[in-house]
Amino acid sequence: MRLLDFLILLDLIVTSYFLDHYRCVKDIFLAVYNYKYTTSHVDFVVLFFIRQLVILYIRKTVRQAWKIQKIRDSIWRYYCLLFICGLAAIVKLLVLDFFVEKPESALWSTVAAVFFTISSIFIVRSLTSDGIENEESGSFALFRTIFNIHIKHWNAFRLPYLLLAAECVCFLYEPILYKRMQSDMFRDGPHDLSSCVKWQLVRLVTIILLSTKEYYMGLAKLRATVDLRNSVHENILHQPISFFDQNQSGELSTLLSSNCGTIASYTPELIASVATDVFMVIGDGMLLLTCSWQLTLTILLSAPAISFVSIYFGNERKMISEETVASDSRCSGITGEAFSGARTIRSMAAESNELRRYNLVNEEYYNIRSKDVGSDSSHGFLVNFGWRIDSLLIYWYGHYLRKYNRLDGQEFHTFVIYHFRAIYALTRLIKLHSEGMKTIGKSNKVLDLLSSDPKSKLLSGTEKPSVIGGITIEDVDFAYEIDGKRILKSLNLSIAPGQTVALVGPSGHGKSTLVSLLQRFYSPSSGRILLGGTPIENIDHKFYHSKVALVAQEPVLFSGTIRENILYGYDEGSEEDMMRVARMANVDEFVSKMADGYDTDCGERGVRLSGGQKQRVAIARALVRNPQVLILDEATSALDVESEALVQEALSRCSQDMTVLVIAHRLSTVRNADKIAVIENGSVSAQGTHEELMENSEGTYFKLVTRQSNVIG
Ligand SMILES: Nc1ncnc2c1ncn2[C@@H]1O[C@H](COP(=O)(O)OP(=O)(O)OP(=O)(O)O)[C@@H](O)[C@H]1O
């Protein structure tokens, strides 16, 4: 607040200092008494009082907490009032220039009034912005992050920026040459052609620089986009699995395909635009000032209004842009789901259902985008309208200046030409804010992703224990982030090395969840899981997954050959390794009948293979790393009786030295397990061998076995 008092005092001193006509109070009273708008300086004092009253009023009002919101809601009124004060000072200067012979003091009074008006706007903003800063500093932080991303690609942008700098010099130089050429051409007597040639040569060089810059800038932007995509892709792949529970794959693909490009291109476009436009405005502004400083000032009458309009629309476009990204993602999510589930849709003749679902989100997309289109065209209209008013003022005022011989015809002509160039550059500069806010809206999610560091968490484990095999689960509690419902409750289980343990129990009671925890897809909310005595989160990520392999209920194969799928993620695997496990998992049995053998393409998600074939490839893929723990989550459920027998036989052959954890609904397949654990309501309700558990006729296991025997029988 001390700074604020200082500014008020400074405003008072400066305002009264420039009123050198009215040094004493008596003179001011006289001036008020004899007030005449065209000659009096008293208006500057009035403007001082208006801006200081606004500040004092807001300062007093914001002390009453309940009134702050009221002030914030009508803040634009105060901004407008202050803004009109600034404009009034400029108009006053132009009027005094017309009616008073030497208005030097008016010139300085105007400069002071404009300066203090702008300061007042910032003061009002800071007085009323408690609590709002977070959002604004959030936007600023995002701008900074976008800029930092750009800096990483500095090498690629060096050359285009160099060309840009040269182009800017031309922009500065060109109006000077134009002025020289013009005075040469309009002079009576012989004309010197050299100034005209120089002017055109500079224009030519500008065009060459511009095209070369565009080429190298385009390449650099592409490089930055591709690098950013790689980083975001890497970041997504390392996210915890709960992230994938909460984000649809289509949405994530949109982030990569569209938003990365927007972010990577924003800073270079901003720099290029600011540089060229600022230099153009400076170059043209200097020329305009030499033609007529009075007319140049009239540009300032519209520029602030247009800037206000742009700030308003910028904020609106940021919100719309965020909504657009969300809506776009919903569309991608639905199409992604529909395309990957095309078979299900066809089998249920649910095409119209899918169309309806998509139409709905697409319609929502239309509504959001139409707001954007509306906002864009209103913004464009208001900006152009502002400039047309400005042009009107220039012609009207220029006419008076000409009429009273205060402006040369040739100067007026030059002014009009360069005025167009200047407003073109100013319009682009003014639009930068709204474009920036739009980018921020689009970038939020990508930047959030980049600011997280999932990789270091995933790779935080470093241990590579020599003793593997046994698994101990101690008092494990777990809830999924998405709904926070406790799924596992104080679950305890120990599996000795080389043992085969089966998890059985009613559906939805947490068997697969436990497997997910063993796969480190999620971390327990409390409790520990140990592998050979080492907490699993301390074990090196790659090492852990080479020792603990999973064959899931619905295995996912990737597009590529069968060979590539078996050796997936195991770069050091050889042809022998591949053949060994292919034989173990009975993959060889069907591949040998295929024309392309192991080079047969599996198709996207393995669609070209049967369920049983896919399952056997998945088993081979799990075995290729020689794991010591094998987790089979309903691994043979999709197989026909013959394949199941083949796979079961293969599994029992290769799992002899392994610890095996198997989830099976068909209880007949786990009869011979060393231990059967019954999972009920998220904990182990009973455990033992088949025979031991069957002794308790009231137990869940007994009931499950009896029910299944009845169904089969
Ligand atoms: N990714 C997830 N996000 C939120 N909740 C989940 C998720 N996966 C499973 N659940 C919930 O956790 C509970 C246990 O599911 P889980 O798949 O572990 O049961 P299960 O015993 O393996 O069942 P089934 O034998 O039918 O496969 C269920 O209520 C399920 O709705």
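First listed ligand is number 1; within each ligand, the first listed atom is number 1. This structure is a prediction, so every number in the text was calculated from the model and none was measured.
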Exercise for review: For P524 and V476, work out which heavy atoms get closest and say how close.
Suggested key: CB-CG1, 3.9 Å

Revision key, fill the gap. Those residues at least two apart in sequence (or on a different chain) that pass side-chain hydrogen bond (donor to acceptor under 3.5 Å, both in side chains) with R580 are N626

Study note, to complete from the structure: Given the options D588, T561, N565, Y598 meets side chain to side chain donor-acceptor pair (under 3.5 Å) only with D588

Review point. Should K489 and D477 count as an ion pair when the cut-off is N to O under 4.0 Å?
Key: no

Check your understanding: Using a threshold of 4.0 angstrom between heavy atoms of the protein and any atom of ligand 1, which residues qualify?
Key -> D245, Y480, I482, I487, P506, S507, G508, H509, G510, K511, S512, T513, Y522, H665

Check your understanding: Do any pairs count as a ring-ring contact (aromatic ring centres under 6.0 Å, His included) and have a residue in residues 469-491, sequence neighbours left out, and if so which ones?
Key -> F478-Y480, F478-Y522, Y480-Y522

Point to revise | All side-chain hydrogen bond (donor to acceptor under 3.5 Å, both in side chains) counterparts of Y701, not counting sequence neighbours | key: H690

